[in-house]
Amino acid sequence: MSEAKIRLYVVQPLGPGQAVRLSADQTHYLTGVMRLGVDAAVLLFNGQDGEWRATLAEAGKRGAVAVCEAQTRAQVMPPDLWLMFAPIKKARTDFIVEKAVELGVRRIMPVQTRHTNSERIRQDRLQAHAVEAAEQCGATYVPEVADLQPLDRVLAEFPAERTLYWCDEAAAGTPPMVGGTSGQAAILIGPEGGFAETEAKRLRGMERVRVLSLGPRILRADTAAVAAITLWQTAHGDWR
Ligand code: SAH
């Protein structure tokens, strides 16, 4: 039996003997790029049933079908942490999505603030990045990437029981991650232009908001996202 190296995210249910028809892109990758044929082993996960070792029962021009044999990892959900950030340049936004998946978040929410650099995002492309990151980092869950939403609306609908860690560059120098509760949380990272005064005022007035300092220097938004998730994971997440 060959060793399974390739991990693929699928949407179908996984279980003993379950046959899974792979997408055209996955088929092309397995047969065209990786040159795998019938009987080759792959690893499959769907965000619910853990990771399964499967072997290719069909691998040809008309598609590929993998049949599940045994579970290789139990399902593990990342902590219930949302990453909310104002999208920046394409490559840096891609980086934020990729790193958030690797570091472990439940949901990724691009938000439009007053000074947000980009008016639009390609949600489908960012979601595909999240899938790829999960496939390569061994995660069994792919966080949903939400569509771009105005920050005002996100704050208006923000669940009362969720702690919001607001990364405020104006707080630079105060001690990081003081107190706080584990459980449901969200991190908010602003755009290159920082938060507008009206936004800062609104955030300061919210009950479940905690200001999070990321040290004495001003970080770029992509660095700030990685630093904030790391701090939260160490204090409250699944790294402990
Ligand atoms: N132009 C802004 C900085 C924006 S940095 C200014 O000069 O004030 C982008 C985002 O990263 C910020 O909105 C904030 O959310 C986060 N950030 C960067 N450095 C930070 C720090 N030292 N502490 C807390 N948040 C920080």
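- Gln71 places no side-chain N or O within 3.5 Å of a backbone atom of Leu14 that could act as its donor or acceptor partner.
- A donor-acceptor pair under 3.5 Å links the side-chain atoms of Thr93 to the main chain of Ile88, judged by distance alone.
- No side-chain donor-acceptor contact under 3.5 Å links Arg114 to the backbone of Gly193.
- Taking a 6.0 Å sphere around CD of Glu197, one finds it holds more than 12 heavy atoms contributed by other residues, nucleotides or ligands.
- Using a 4.0 Å cut-off between charged nitrogen and carboxylate oxygen, Asp152 and Arg202 count as a salt-bridge pair.
- A side-chain donor-acceptor contact under 3.5 Å links Gln75 to the backbone of Gly47.
- Looking at Thr72, its side chain does come within 3.5 Å of a backbone N or O of Glu51 through a donor-acceptor pair.
- Here Gln112 contributes atom CD and Ile121 contributes atom CD1; the two are 10.0 Å apart, rounded to the nearest 0.5 Å.
- Within the 4.5 Å cutoff, the side chain of Asp49 has no heavy atoms near those of the Gln12 side chain.
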Step-by-step side chain to side chain contact (heavy atoms under 4.5 Å, CB included) determination, Phe45 to Glu135:
CA-CA 9 Å; Phe45 67 103; Glu135 286 175 341; 3.9 Å; yes
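- Residue Tyr141 is not grouped with residue Leu44 when hydrophobic side chains (ILVMFWY) are merged at heavy-atom distances under 4.5 angstrom, including chains of intermediate members.
- Here the straight-line distance linking atom CZ of Arg21 with atom CZ of Arg62 works out to 8.0 Å at 0.5 Å rounding.
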Dump the intermediate steps for side chain to side chain contact (heavy atoms under 4.5 Å, CB included) on Glu192 and Arg220, then the final yes or no.
CA-CA 7 Å; Glu192 278 166 25; Arg220 298 189 80 137; 4.2 Å; yes
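- Note that OG1 of Thr198 and CG of Leu203 are 9.5 Å apart. Values are rounded to the nearest 0.5 Å.
- In terms of heavy-atom proximity, Val67 sits nearest to Gly17 at CG1-O, 3.7 Å.
- A donor-acceptor pair is defined here as one N or O able to donate and one able to accept, closer than 3.5 Å; no such pair exists between the side chain of Trp82 and the backbone of Gln184.
- Here the straight-line distance linking atom OG1 of Thr163 with atom CG of Leu81 works out to 10.5 Å at 0.5 Å rounding.
- Smallest separation of non-hydrogen atoms from Pro143 and Ala130: O-CB, 4.1 Å.
- Using a cut-off of 4.0 Å between Lys/Arg side-chain N and Asp/Glu carboxylate O, Arg208 and Glu161 are scored as not salt-bridged.
- Cluster annotation: Val20 is not connected to Val65 through the hydrophobic network of ILVMFWY side chains, with a link wherever side-chain heavy atoms come within less than 4.5 Å.
- No path of Ile, Leu, Val, Met, Phe, Trp and Tyr side chains, each step under 4.5 Å between heavy atoms, connects Leu8 with Val11, placing them in separate hydrophobic clusters.
- Residues Gly37 and Leu56 approach most closely at O-CD1, 3.6 Å, considering heavy atoms.
- Closest of all the heavy-atom pairs between Ala228 and Leu212 is CB-CD2, 4.1 Å.
- In this structure, the side chain of Arg53 does not engage the main chain of Leu43 through any donor-acceptor pair within 3.5 Å.
- Hydrophobic clustering, with ILVMFWY side chains joined whenever heavy atoms are under 4.5 angstrom apart, groups Leu30 together with Val10.
- The main-chain N or O of Cys137 is never found under 3.5 Å from a side-chain atom of Arg7 such that the two would form a donor-acceptor pair.
- Val38 and Val42 fall into different hydrophobic clusters, where Ile, Leu, Val, Met, Phe, Trp and Tyr residues are linked whenever their side-chain heavy atoms come under 4.5 Å apart, directly or through other members.
- For Glu199 (side chain) and Thr113 (main-chain N/O), no donor-acceptor pair under 3.5 Å exists by modelled atom type.
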Carefully, step by step, assess Gln127 and Val142 under the rule side chain to side chain contact (heavy atoms under 4.5 Å, CB included).
CA-CA 9 Å; Gln127 186 68 67; Val142 180; 3.6 Å; yes
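- Looking only at side-chain heavy atoms (C-beta outward), Thr116 and Leu148 stay at 4.5 Å or farther from each other.
- Contact of the Val101 side chain with the Ile108 side chain is registered, since non-hydrogen atoms from C-beta on lie closer than 4.5 Å.
- Side-chain contact between Val226 and Phe95: present, with at least one pair of heavy atoms (C-beta onward) separated by less than 4.5 Å.
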Can you check side chain to side chain contact (heavy atoms under 4.5 Å, CB included) on Ile187 and Val105, steps first, answer last?
CA-CA 10 Å; Ile187 286 168; Val105 304; over 6 Å; no
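- No side-chain heavy atom of Leu188 sits under 4.5 Å from any side-chain heavy atom of Val209.
- In terms of heavy atoms, Leu83 sits closest to Ile96 at CD2-CG2, 3.6 Å.
- With hydrogens and angles ignored, the 3.5 Å screen pairs a side-chain donor or acceptor of Thr140 with a backbone N or O of Val76.
- Listed here is the closest heavy atom pair of Gln149 and Ala146: NE2-CB, 4.4 Å.
- The shortest side-chain heavy-atom distance between Leu164 and Leu155 falls under the 4.5 Å cut-off.
- Here CE of Met109 is found 11.0 Å from CZ of Phe85. Values are rounded to the nearest 0.5 Å.
- You'll find the side chain of Gln136 reaches within 4.5 Å of the side chain of Glu102, heavy atoms only.
- Between Asp94 and Arg125, at least one side-chain nitrogen of the basic residue sits less than 4.0 Å from a carboxylate oxygen of the acidic one, meeting the salt-bridge criterion.
- Atoms CH2 and CD, on Trp52 and Glu69 in that order, are 10.0 Å from each other to the nearest 0.5 Å.
- Ion pairing between a basic and an acidic side chain is recognised when a charged N comes within 4.0 Å of a carboxylate O; Glu144 and Arg107 show such pairing.
- Looking only at side-chain heavy atoms (C-beta outward), Val145 and His129 stay at 4.5 Å or farther from each other.
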